[in-house]
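Right, one structure below, let's go through it.
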Amino acid sequence: MSVVARIKEVTAEAINRLYSVDIQPNDVLVNATKPEFEGEYTVVLFAFVKQLKKSPDALGQELGEAILASNPGLFSSFNIIKGFLNLTISDSYWIPFLQDAYSKNNFGYGALTGQKVMVEYSSPNTNKPLHLGHLRNNFLGWSIAEILKATGNEVVKTCIVNDRGIHICKSMIAWQLFSEGATPKSTGTKGDHFVGDYYVKFNDAYKREVDELVAGGMDKETAEKEAPIMKATQQMLLDWEAGKPEVMELWRTMNGWVYKGFEETYQKIGSDFDKTYYESNTYLLGKDLVENGLAKGVFYQKEDGSVWIDLTADGLDEKLVRRKDGTSVYITQDIGLAEQKQKEFNASQSIYVVGDEQNYHFKVLKLICQKLQLPSADGIYHLSYGMVELPTGKMKSREGTVVDADDLVQEMINIAKQKTEELGKVKDFTESELAELYETIGLGALKFFLLRVDPKKKMVFNPEESIDFHGFTGPFIQYTHARIKSILRKTGEPGNNVSFHMPLLPLEKELLVLLETFPAVIADAASEHDPSKLAIYVFNLAKAFNSFYTEHSIAHAETPEKKELRLLLAGLTARVIKSGMQVLGIRVPERM
RNA sequence: GGACCGGUAGCUCAGCUGGAUAGAGCAGCUGCCUUCUAAGCAGCAGGUCAUUGGUUCGAAUCCAAUCCGGUUCACCA
């Protein structure tokens, strides 16, 4: 049990015993003590003052004495300032904690819950390569999956690939018109970029055709419908749905190029999936559920034959679930896929990592699933994240301000290389060791930058700030880890079987307090679905270690006993940094 | 227009289930490498927590209104 949980428990117990009331541990507010006061944790007394009819000081005095007397191994002293009961945790608590935590190889990880959780993330379109926004999605999805694993859940990572539809046909038409048979291989282009280029070519040609028609006297709206390239694209979509062989062949070929490109990117950034769904297989799902819903009276049919659900009573709107021509809309297949996932995996929770522009969509999705009484309905959770913007504003593909994922990753790696060479600390590394280090640092900087902010909030990606390797960054934390490992290489690993008698110094205690909260931070990040909590924590830990490191020598500590203690402290800090970063998807180097 | 989200230091962000004098990083300014990696440390400076009112022992945090910004409400995906 965590120190905070124990403080809540013993405080509630003491209040109940002293004043014959019924206070629950969770009613006790425990904060970290402000640095200017003595102690590590503080019980806020105001909440009880009125009920117990005591002055804060008197209550604090009685309470402090009581919990100190009944928990001599936990507290060493207390003081009361203006209604705050500051508690000093005893060294005889910290030392065994340190030894115990160090002896575990999975400190911080929770016990198995027996629960299964699905995490759907990444979910790209196959008509263009991944960009900066996808990176936030991928890093978030991968990390939340790891965090949920660390808290004892079985996790199934899935991806739904949007591999069909009008946008794919645009790239296909453009390739037919303009490629003269070119392929990724013949041009030496990565497959997803190759196909994306034709998507751009489509839009250029389309715009030209519309402009010409408008110049010829047609109004813009009609011109947009009548442009030959658009009509050809729509015909191709019909041909695809009809399964016309040459269209299917081209579709498979071009998607194949894209998948090869994506695979390369995923490999590089560390995304992986246990199960990949393709929309070409799932877009017809959910049709039976529409019938089902009609029979149940959840849906209703309008005179023209279209099918709807009325969500106005839930504060939403009416929502179409089947067109009058009998075809499905987007949400229908989502309902169907939710049901399919449930049948296939029977997870208790299903997380969708999708941008916040689809908040409404997921609200509707969950509501409809609930009204249809699908078993998976209550487990649907939309992990909504904000858009990534540039200092100049939003990324717009039409204006060419989209930051390409592959380019950005490569740029980060290049900068890592350049900075590493400037510092010249790893001149003895082999070529492959260097390549790995640059990738670790470059990707670490990028991932940390995108994960350190609350997912719910939109964020600004400032290219200059993101490539900074100082301060609140991935490389800062990686560097701290490398420093510790350097010490351990020179002094040897800590022994962990020594008894300690010297009092802990403030900076030693600060590290211990932080280390002790690691399990609670992971649990919090899991329940909040928020990796940034962990990112902030790991940064604070690294910062605390660096202060400690500057102030106190480990290898040349005052006594052998202190050296042993500090080795343990440093060793545990390195492990926590490593596992904390690991669940963020960031590797830490032994040297840098 | 309805719904939802946001507004905290020059910039990027923490803090938001109410608790002590609102915190980091970057940028700016001072110091610190013959001792375990200076991608570091210590310090200075920087704030009307959008505005107004309310709730109370106490409000950046809760409530209401207002202002500003964003997203969304397709027989698109």
Side-chain angles (χ1 to χ4, degrees), chain A residues 26 29 31 33-34 36-37 42 44-47 49-50 56 81-84 86 125 162 164-167 279 283 302 304-308 312 315-331 333 355-361 363-364 384 386-387 389 391 394 416 419-420 422-423 425-426 441 445 449 452-454 456-462 464-466 468-480 482-491 532-533 535-536 539-540 542-543 545-557 563 566 570 591-592:
Chain A
N26 268 336
L29 179 61
N31 289 339
T33 302
K34 294 253 164 194
E36 55 267 40
F37 303 113
T42 297
V44 183
L45 301 170
F46 297 105
V49 165
K50 199 177 272 179
I81 295 167
K82 292 198 298 182
F84 296 90
N86 301 322
N125 291 346
N162 188 352
R164 63 164 286 280
I166 194 80
H167 51 294
E279 261 191 41
Y283 80 110
K302 287 193 177 174
D304 64 3
S306 58
V307 180
W308 298 73
T312 50
L316 305 177
D317 303 288
E318 293 188 331
K319 179 76 186 176
L320 177 92
V321 294
R322 191 171 76 192
R323 298 188 186 101
K324 68 181 173 199
D325 65 5
T327 56
S328 303
V329 289
Y330 189 71
I331 199 154
Q333 61 172 301
D356 63 5
E357 75 269 3
Q358 292 199 41
N359 284 353
Y360 180 78
H361 174 81
K363 211 183 260 185
V364 170
S384 163
M387 295 292 102
E389 296 176 5
K394 290 186 182 173
K419 301 219 174 191
T420 303
E422 278 169 17
L423 290 167
K425 295 180 181 181
V426 287
I441 297 172
F449 188 86
R452 70 182 197 181
V453 300
D454 185 342
K456 288 194 291 293
K457 299 197 176 175
K458 70 178 182 196
M459 65 179 295
V460 175
F461 182 86
N462 185 326
E464 280 161 36
E465 198 179 315
S466 69
D468 194 350
F469 289 180
H470 303 270
F472 188 16
T473 66
F476 171 90
I477 297 160
Q478 292 172 322
Y479 173 69
T480 307
R483 261 181 155 181
I484 297 174
K485 295 307 259 190
S486 166
I487 297 167
L488 297 183
R489 273 193 303 274
K490 286 175 181 161
T491 59
S532 74
K533 307 241 184 214
I536 292 164
F539 169 65
N540 284 329
K543 208 157 48 123
F545 181 84
N546 283 324
S547 297
F548 161 77
Y549 170 94
T550 308
E551 196 67 29
H552 304 295
S553 177
I554 295 170
H556 311 291
K563 179 174 171 182
R566 288 177 189 164
R591 288 178 57 193
M592 68 184 275

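A note on names: the letters A, B, ... follow the listed sequences, proteins ahead of strands, and every chain is numbered from 1. These numbers were taken from a predicted model, which means no experiment stands behind them.
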Return yes if some donor-acceptor pair links the side-chain N/O of A/T550 with the main-chain N/O of A/N546 below 3.5 Å, else return no.
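Judged by distance alone, yes, a pair lies under 3.5 Å.
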
Would you say A/S532 and A/D454 are linked by a side-chain donor-acceptor pair, where the criterion is simply a distance under 3.5 Å?
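No, no side-chain donor-acceptor contact under 3.5 Å.
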
If only side-chain N and O atoms of A/K458 are considered, is one of them under 4.0 Å from the OP1 or OP2 phosphate oxygen of B/G7?
no

Quick one: is B/G15 close enough that its OP1 or OP2 comes under 4.0 Å of any side-chain N or O from A/K533?
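A/K533 to B/G15 OP1/OP2: side-chain N or O found under 4.0 Å.
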
By side chain to side chain contact (heavy atoms under 4.5 Å, CB included), which residues pair with [X], not counting sequence neighbours?
{"X": "A/Y283", "answer": "A/R164, A/W240, A/E241, A/Q333"}
{"X": "A/T420", "answer": "A/V426, A/L437, A/Y438, A/I441"}
{"X": "A/V460", "answer": "A/P391"}
{"X": "A/L29", "answer": "A/N31, A/V44"}

Each nucleotide in nucleotides 72-77 of chain B should get exactly one letter: B, S or -. Can you fill that in based on protein heavy atoms under 4.0 Å?
SS-BSB

At a cut-off of 3.5 Å, list every protein nitrogen or oxygen paired with a nitrogen or oxygen from nucleotides 58-61 of chain B, distance to 0.1 Å.
none

Hey, what do you get for CE (A/M592) to NZ (A/K419), rounding to the nearest 0.5 Å?
10.5 Å

According to ring pair (Phe, Tyr, Trp, His ring centres under 6.0 Å), who are the partners of [X], at least two apart in sequence or on a separate chain?
{"X": "A/F476", "answer": "A/F539"}
{"X": "A/F469", "answer": "none"}
{"X": "A/H556", "answer": "none"}
{"X": "A/Y330", "answer": "A/H361"}

Residue closer to the 5' end of RNA chain B, A/Y549 versus A/F469 (nearest nucleotide):
A/Y549

Could you pick out which residue, A/F461 or A/I554, lies toward the 5' side of RNA chain B when each is mapped onto its nearest nucleotide?
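This one resolves to A/F461.
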
What nucleic acid atoms does A/I441 come within less than 4.0 Å of, heavy atoms only: base, sugar-phosphate, or nothing?
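Counting heavy atoms under 4.0 Å across all strands, the contact made by A/I441 includes a base.
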
What's the gap between B/A45 and B/A50 when it is taken at their C1' atoms, as a whole Å value?
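25 Å, rounded to whole Å.
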
What integer number of Å spans the C1' atoms of B/C76 and B/A59?
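These two C1' atoms come out 45 Å apart once rounded.
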
For RNA chain B, produce a single dot-bracket line, 5' to 3'. Pairs: Watson-Crick or G-U wobble, both distances under 3.5 Å. Symbols: ( ) within strand, [ ] crossing, | other strand, . unpaired.
((((((((.[[[[.)...(...]]]].(((((.......))))).....[[[[[..)....]]]]])))))))....

Is it possible for you to check whether A/K319 lies under 6.0 Å from the centre of the six-membered ring of A/W308, through NZ or CZ, and within 45° of that ring's axis?
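The answer is no; the distance or angle limit is not met.
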
Atom CE of A/M459 and atom P of B/A14: how far apart are they, to the nearest Å?
9 Å

Dump the pairs, protein N or O against N or O of nucleotides 17-28 of chain B, anything under 3.5 Å, distances to one decimal.
| from | atom 1 | to | atom 2 | distance (Å) |
| --- | --- | --- | --- | --- |
| B/A20 | N6 | A/T42 | OG1 | 2.7 |
| B/A20 | N6 | A/N86 | OD1 | 2.9 |
| B/A20 | N1 | A/N86 | OD1 | 3.3 |
| B/G25 | O2' | A/F472 | N | 3.2 |

